[in-house]
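A short write-up of the structure that comes next.
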Amino acid sequence: MKTLALRTILSMMLLLVNGLPVVYAAPETWDISTGNLVISSGGTYAVTGSTMSNTISVNTSDAVTITLDNVSINVSATRDKTAFDSGGNVTLYLIGANTLKSSISQPGIRVTDGEQLTVSNAPLSGCSLSASGGAFGAGIGGGYMQNGGIVTISGGSVTANGGDLAAGIGGAYTG
């Protein structure tokens, strides 16, 4: 009960600070155009839609499986935003073409020390992911002065573009 109350209070504080809705996902399809997606427990999730303001964050070390179904997140024009923060242990399944772009110093998909991300298109074929970091941010991996975590690509076509002075997959500037 205390955990639920604390989570509710923190969510309300985030709403006030960011002015954006925070949504805790259920294992169902989420349209990213309707608000930020914050996953706080392990499970299976599906995301669709496009946005230039909302993001995906995984805030748990539990195993999470997310299907990206023709998702486009481009927050490159918004300061200090990462399109997808993968948290601890995420498996991404791809359907169609998916694009994730972050702002300066941020990776397209954040995967840092101690975290792991697996990308697959099973059981489909011909699916893709394009992840682009802003200047000093990796395409998939660390943001400014961060190391990259473990990234496994077992299917799909993945393009990872690091910003200036950052890896496509791996560490960012000085990471």
Side-chain angles (χ1 to χ4, degrees), residues 1-69 71-76 78-94 98-103 105-120 129 131-134 137-152 160 169 171-172 175:
M1 191 60 127
K2 288 181 182 179
T3 303
L4 180 60
L6 180 59
R7 189 176 292 166
T8 302
I9 290 169
L10 290 174
S11 295
M12 291 170 58
M13 289 173 57
L14 282 172
L15 283 169
L16 292 172
V17 172
N18 292 329
L20 297 173
V22 175
V23 177
Y24 292 91
E28 57 189 42
T29 301
W30 178 253
D31 183 344
I32 195 65
S33 69
T34 62
N36 293 319
L37 175 60
V38 178
I39 297 172
S40 59
S41 61
T44 302
Y45 305 87
V47 182
T48 64
S50 64
T51 184
M52 294 184 73
S53 60
N54 301 323
T55 62
I56 300 170
S57 296
V58 178
N59 295 333
T60 181
S61 59
D62 297 335
V64 173
T65 300
I66 301 171
T67 299
L68 297 180
D69 184 353
V71 171
S72 175
I73 300 174
N74 183 349
V75 291
S76 60
T78 307
R79 185 174 172 88
D80 294 325
K81 278 211 168 181
T82 301
F84 190 112
D85 194 338
S86 72
N89 180 9
V90 173
T91 299
L92 277 183
Y93 289 110
L94 307 175
N98 299 277
T99 304
L100 305 170
K101 293 182 181 181
S102 297
S103 66
S105 301
Q106 303 300 318
I109 300 175
R110 184 182 315 280
V111 184
T112 60
D113 286 330
E115 299 175 346
Q116 57 185 338
L117 172 74
T118 301
V119 180
S120 177
L129 170 66
S132 300
I140 300 174
Y144 181 75
M145 299 182 74
Q146 292 179 323
N147 295 326
I150 298 170
V151 177
T152 303
I169 297 176

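- Using modelled atom types, no side-chain atom of Ser61 and backbone atom of Gly88 make a donor-acceptor pair closer than 3.5 Å.
- Minimum heavy-atom separation, Thr55 to Thr82: CG2-O, 3.2 Å.
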From CA spacing to verdict: side-chain contact (heavy atoms from CB on, under 4.5 Å), Ile39, Val90: CA-CA 11 Å; Ile39 297 172; Val90 173; over 6 Å; no

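- None of Val38, Thr51, Asn36, Val47 except one satisfies the side chain to side chain contact (heavy atoms under 4.5 Å, CB included) rule with Ile56; the exception is Val47.
- Remark: Leu94 CG to Ser120 OG distance equals 7.5 Å, nearest 0.5 Å.
- Looking at every heavy atom in both residues, Ala131 comes nearest to Ile140 through CB-CG1, 3.8 Å.
- Side-chain atoms of Ser103 come within 3.5 Å of backbone N or O of Lys81 as a donor-acceptor pair.
- Of the possible donor and acceptor atoms, one in the side chain of Asn98 sits under 3.5 Å from a partner among the backbone N and O of Val71.
- The heavy-atom pair separating Leu92 from Ile109 by the smallest distance is CD1-CD1, 4.2 Å.
- Using a 4.5 Å cut-off on side-chain heavy atoms (C-beta onward), Asn54 and Ile73 make no contact.
- Heavy atoms only, all atoms of each residue included: Gln146 and Thr112 are closest at OE1-CG2, 3.6 Å.
- Considering only residues two or more places apart in sequence or on other chains, Asn89 meets the side-chain hydrogen bond (donor to acceptor under 3.5 Å, both in side chains) condition with none of them.
- For the pair Ala172 and Gly142, the tightest heavy-atom approach, listed with the atom from each and the gap, is CB-O, 3.1 Å.
- Two residues are said to be in side-chain contact when any heavy atoms from C-beta on lie closer than 4.5 Å; Ile32 and Leu37 meet this criterion.
- When all heavy atoms are compared, the tightest approach of Ser33 to Ser50 is CB-O, 3.1 Å.
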field: Check against side chain to side chain donor-acceptor pair (under 3.5 Å), Ser57 and Asn59
entry: CA-CA 6 Å; Ser57 296; Asn59 295 333; 5.0 Å; no

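- Distance check, rounded to the nearest 0.5 Å: CD of Gln106 to OG of Ser76 gives 12.0 Å.
- Every residue was checked against the side-chain hydrogen bond (donor to acceptor under 3.5 Å, both in side chains) condition with Thr67, not counting sequence neighbours, and none meets it.
- Distance check, rounded to the nearest 0.5 Å: CD1 of Ile169 to OG1 of Thr152 gives 10.0 Å.
- The CG atom of Leu117 lies 7.0 Å from the CZ atom of Phe84; values are rounded to the nearest 0.5 Å.
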